[in-house]
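Below: one structure, written as structure tokens.
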Amino acid sequence: PRKELIVVTPTYNRALQSYFLNRLGQVLRLVPPPILWIVVEMNSASTETAEILRKTDVMYRHLVCTKNSTSVKDRGVHQRNTALDHIEHHRLDGIVYFADDDNIYSLKLFETLRDISRFGTWPVAMLAQSKNKAILEGPVCNSSQVIGWHTNEKSKRLRRFHVDVSGFAFNSTILWDPKRWRRPTSSPIRQLGTVKEGFQETTFIEQLVEDESQMEGSPPDCSKIMNWHLHLDAHNIAYPKGWLLQKNLDVV
Ligand code: UDP
């Protein structure tokens, strides 16, 4: 049987939300089942999001995160943790992947997720937030063996693993079965968000794997890009004069 894919997406209402969620939903719809899309909002389940999800034809769960967000920098962190709690609590068995709503994903990526046994990682192409520069973040590989990292920007050498939030996926059973996986620590996994920006991914991953030898790099030689993290929301989009876009723009 095919492995279940558990795709976690934090989202919030803004002008391009409908466009983003529809685009992601349409990719997920092309992925052979079983696939579960866990979409998480802050504070309450909005009718806008519920409406979009109903139309996508993808198996989904619409969750709400009630933790008080302390900073705008949190950007979906607590929502991802709500999904992790849900996956652990219900023992959802599958490959967990954090897919932000505004990123761009190829079908190949979702195919590749099913080959992951413990922890998979791959390079993600992104626009650097400060400069308008395209960079890579993620592993350098020899076949499927991770032998190094593309590093960049401020956290250059300080991070243990240079992985984007949408550049890795893992077997959900690692969350509740430390023995089977000989996890670095048998204490419960501390979730994302307790550390400063840029270190959330590595701090989380350091609890899932001991080192690169427990990682599977893909595709072979990590030679192809399967998703793009463009930080579109972070860039001030110049809307045409006279447009007022505070609410969701509908997508047919
Ligand atoms: N997000 C959210 N609430 C926020 C900010 C972000 O739910 O207040 C979600 C957003 O929809 C996306 C993810 O968190 O799925 C990452 O956000 P963003 O794209 O703004 O971060 P960046 O791409 O700059 O890392």
Side-chain angles (χ1 to χ4, degrees), residues 6-28 37-53 56 58 60-86 96-105 109 123-138 152-155 159 162-169 191-193 195-204 225 227-237 245-249 251:
I6 305 168
V7 178
V8 173
T9 302
T11 191
Y12 66 115
N13 296 155
R14 75 271 201 213
L16 296 181
Q17 182 193 26
S18 187
Y19 166 63
F20 287 147
L21 278 184
N22 270 285
R23 186 178 61 182
L24 178 52
Q26 286 176 13
V27 174
L28 297 182
W37 192 15
I38 300 185
V39 178
V40 195
E41 283 187 282
M42 228 34 219
N43 304 320
S44 67
S46 70
T47 49
E48 288 89 343
T49 302
E51 182 76 10
I52 298 167
L53 293 178
T56 56
V58 175
Y60 69 87
R61 292 187 192 177
H62 186 178
L63 305 185
V64 174
C65 170
T66 49
K67 184 177 166 48
N68 273 343
S69 184
T70 43
S71 144
V72 279
K73 285 240 168 99
D74 286 345
R75 288 184 175 286
V77 167
H78 298 306
Q79 285 141 281
R80 292 190 196 103
N81 286 338
T82 296
L84 287 175
D85 280 341
H86 183 86
V96 180
Y97 178 52
F98 296 119
D100 288 350
D101 60 3
D102 57 329
N103 295 340
I104 298 167
Y105 308 90
L109 166 63
V124 176
M126 55 176 65
L127 283 181
Q129 262 170 323
S130 43
K131 309 147 208 141
N132 272 329
K133 203 171 72 173
I135 55 173
L136 285 184
E137 192 165 81
N152 55 68
E153 299 216 325
K154 44 188 190 255
S155 28
R159 281 193 292 180
H162 296 261
V163 182
D164 180 66
V165 72
S166 295
F168 71 97
Q191 303 188 323
L192 297 147
V195 287
K196 70 173 177 195
E197 222 191 340
F199 287 81
Q200 282 153 1
E201 293 91 344
T202 187
T203 309
F204 180 69
I225 294 301
N227 62 317
W228 293 260
H229 188 165
L230 300 181
H231 298 282
L232 283 185
D233 277 4
H235 291 260
N236 291 321
I237 299 172
L245 297 175
Q246 258 126 37
K247 292 197 153 167
N248 283 1
L249 279 183
V251 175

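Index from 1, following the sequence. The structure displayed is predicted, hence computed values, not measured ones. Read the numbers this way: they start at 1 and go in the same order the structure lists the ligands and their atoms.
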Below 4.0 Å, non-hydrogen atoms only: which portion of [X] touches ligand 1? Side chain, backbone, both or neither.
| X | result |
| --- | --- |
| Gln17 | neither |
| Asp102 | side chain |
| Met126 | neither |
| Met42 | neither |

Using distance alone, determine whether [X] and ligand 1 share an N or O pair under 3.5 Å.
| X | result |
| --- | --- |
| Val40 | no |
| Arg75 | yes |
| Gln79 | yes |

With no hydrogens and no angle check, just 3.5 Å: does a side-chain donor-acceptor pair link Ser46 and Asn13?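 Distance-only check passes for Ser46 and Asn13.
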Could you grab the distance from atom NZ of Lys67 to atom CG of Asn81, nearest 0.5 Å is fine?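 Rounded to the nearest 0.5 Å, the NZ-CG separation comes to 8.5 Å.
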Nearest 0.5 Å please: distance from the CG atom of Leu24 over to the CD1 atom of Ile104.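 Taking CG in Leu24 and CD1 in Ile104, the distance rounds to 11.0 Å.
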Which atoms of ligand 1 sit under 4.0 Å from any heavy atom of Thr11?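 Once the distances to Thr11 are compared, the set is 7 (O), 11 (O).
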Heavy-atom contacts with His229 under 4.0 Å: which atoms of ligand 1 show up? List them by number with element.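 Numbered from 1, ligand 1 contributes 22 (P), 23 (O), 25 (O).
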Nearest heavy atoms of [X] and [Y], plus distance in Å:
| X | Y | answer |
| --- | --- | --- |
| Thr9 | Asp100 | CG2-C, 4.2 Å |
| Ala50 | His62 | N-CE1, 3.6 Å |
| Trp228 | Asn103 | O-CB, 3.4 Å |

Do Asp101 and Arg14 sit within salt-bridge range, that is, some charged N less than 4.0 Å from a carboxylate O? yes
Is there a heavy atom of Glu41 sitting under 4.0 angstrom from any atom of ligand 1? no
